Amino acid sequence: MIRHDVIWKCVRATLVKGGRYLEEQRRQYQEDRRMLPEQVVTDAVIGKVCPDLRVRHGVFQGMKYPHIKSVSSALFPKLLGSYERELHPVLTRICSQGYREIVNIGCAEGYYAVGLAMRIPGAKVYAFDTNPEAITLCREMAVLNGVSERVITGAFCDAKVLQGIPFAGRALVVCDCEGYEKKLFNTETVKFLAPHDVLVEVHDGVDITISTCLKSLFEPTHRIEQIASLDDIKKAQTYLYPELEPYDLATRKTLVGERRPHIMEWLFIQSLRPQTDSGIAAKR
C-alpha cells in the first residue's frame with residue numbers, strides 16, 4: 001500500500017486522515033475531562049483513598065470537596081492534606097490569631113477561603129477569583145462545609161477593591177494572583193495594610209523584581225518571613241503519609257506533585273503595630 005501511488009492516495013485520504021482525526025478527538029476528550037495519563041492515575045487513587053472527598057491530613061483536615069475538581073492546581077495533594085505543606089507551620093499560627101476578616105485573592109475553588117473560615121470561626125472571608133468556575137466551586141464548598149454565611153465571593157480584586165473592604169478588626173490577606181502582586185500592593189495599599197498581615201505567593205518567574213519590590217514596600221511597617229517551596233521529587237521522597245505506602249516513588253511523585261515551574265517563595269508579612277491598633281484589644 002505504501003509503495004503504490006494510487007493505493008497510497010486512497011489510504012491517506014481515508015485511513016490515515018481518519019486516524020489523525022480520531023487521535024485529535026481523543027486528545028481533546030482527555031483534556032476536556034482532565035484525563036491525561038497522570039490524571040487517570042490520580043483519579044483512580046482518589047477513588048480509593050478519598051472516596052468521600054474529605055481532606056485527610058493537615059491544617060484543613062476534615063474539609064469536604066463537593067466535586068473531584070480543583071482550579072489551576074492539583075487536587076490530590078489538597079485531599080491528602082499535603083498541599084503547600086511548607087506553609088503548615090505558618091497556617092497553624094494564623095489559625096490562632098483571631099483575625100476578624102480574611103481576604104483571599106486568587107481563591108480558586110476555595111481551599112484556603114473555606115478552610116480558614118472553618119478554622120477561624122469568628123472571621124468573615126472575602127474570596128476573589130477572576131475565573132467564574134472557581135467562584136461557583138468556592139460557593140459550593142462553603143455551603144457543603146457550613147460556612148457560606150461568612151464567605152463572600154467576588155471576581156476581580158485590585159488595590160481599590162481591597163481598600164474598600166470594611167475591616168472591623170485585625171485582618172489577613174492571603175494572595176496568590178499569578179504575578180499581579182506589584183500592581184495590587186502599592187504605597188497606598190501597604191499604608192492601608194499597616195495594622196494587618198499578608199501571606200503572599202510571589203511569582204518572580206513572571207517578574208523577577210516582585211519579591212524585592214514587596215519587601216521594600218512592607219519592611220518599614222511589617223516583619224517579613226520567607227518560606228521556600230519544595231520540589232516535587234523531594235515531596236515524593238519525604239512525604240510519609242500512610243495513604244502513599246502502597247505506591248512506588250514515581251507514582252508518589254505523580255500524586256503529591258504540585259507541578260510548579262520552579263522553586264516558589266511565599267512571604268508571611270506580619271504587622272509590627274501592637275494589636276490595639278487593629279481595634280481588637282480596645283474592644284476587649
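Computed from a prediction, not measured in an experiment: that's the story for all the values here. Numbering of residues begins at 1 and proceeds along the displayed sequence.
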State, to 0.1 Å, how close [X] and [Y] come at their nearest heavy-atom pair, and which atoms those are.
X      : Y      : value
Gly154 : Ile135 : O-CD1, 3.3 Å
Leu244 : Arg252 : O-NE, 3.1 Å
Gly106 : Asp129 : C-OD2, 3.5 Å

Under 3.5 Å, is there a donor-acceptor pair between the side chain of [X] and the main chain of [Y]?
X      : Y      : answer
Ser216 : Thr212 : no
Arg223 : Ile269 : no
Ser82  : Arg85  : no
Glu23  : Tyr21  : no
Arg119 : Val59  : yes
His222 : Phe268 : no
Glu101 : Ala168 : yes
Thr251 : Tyr247 : no
Asn145 : Met63  : no
Arg56  : Gly81  : no

Verify the distance criterion only: is there a donor paired with an acceptor across the side chains of [X] and [Y] at less than 3.5 Å?
X      : Y      : result
Asp176 : Tyr112 : no
Thr221 : Lys191 : no
Lys215 : Gln226 : yes
Asp197 : Ser271 : no
Gln97  : Arg170 : yes

For this session: Decide yes or no for Phe76 and Val45: does some side-chain heavy atom of the first lie under 4.5 Å from some side-chain heavy atom of the second?
Result: yes
Problem set entry | Any pair counted as side-chain hydrogen bond (donor to acceptor under 3.5 Å, both in side chains), so long as it reaches residues 150-162, sequence neighbours left out | Arg139-Thr153
Exercise. Would a line drawn from the ring center of Phe192 to the ring center of Phe167 be shorter than 6.0 Å?
Worked result: yes
Exercise. What about the rings of Phe156 and Phe128, do their centers lie closer together than 6.0 Å?
Worked result: no
Output yes when [X] and [Y] qualify as a salt bridge under the 4.0 Å nitrogen-oxygen rule, no when they do not.
X      : Y      : answer
Glu109 : Lys78  : yes
Arg260 : Glu84  : yes
Arg93  : Glu225 : yes

Exercise. Is Asp52 atom CG crowded by more than 12 heavy atoms from other residues, nucleotides or ligands, each under 6.0 Å away?
Worked result: yes
For this session: Determine whether more than 12 heavy atoms belonging to other residues, nucleotides or ligands lie under 6.0 Å from atom NZ of Lys124.
Result: no
Exercise. For Arg259, what residues pass the side chain to side chain contact (heavy atoms under 4.5 Å, CB included) criterion, not counting sequence neighbours?
Worked result: Glu38, Ala74, Asp232, Thr254
Problem set entry | Under the side chain to side chain contact (heavy atoms under 4.5 Å, CB included) test, residues paired with Ile263 that sit two or more places apart | Ala228, Ser229, Asp231
Problem set entry | Cluster link Val103 to Ile152, ILVMFWY, side chain under 4.5 Å | yes
Problem set entry | Common cluster, Leu75/Tyr111, ILVMFWY with side-chain heavy-atom separation under 4.5 Å | yes
For this session: Give me the ring orientation class for His57 and Tyr241: parallel if the planes are under 30° apart, tilted from 30 to 60°, perpendicular past 60°.
Result: tilted
Exercise. Which one of Leu272, Leu267, Ile224, Val200 satisfies the side-chain contact (heavy atoms from CB on, under 4.5 Å) criterion with Phe218?
Worked result: Ile224
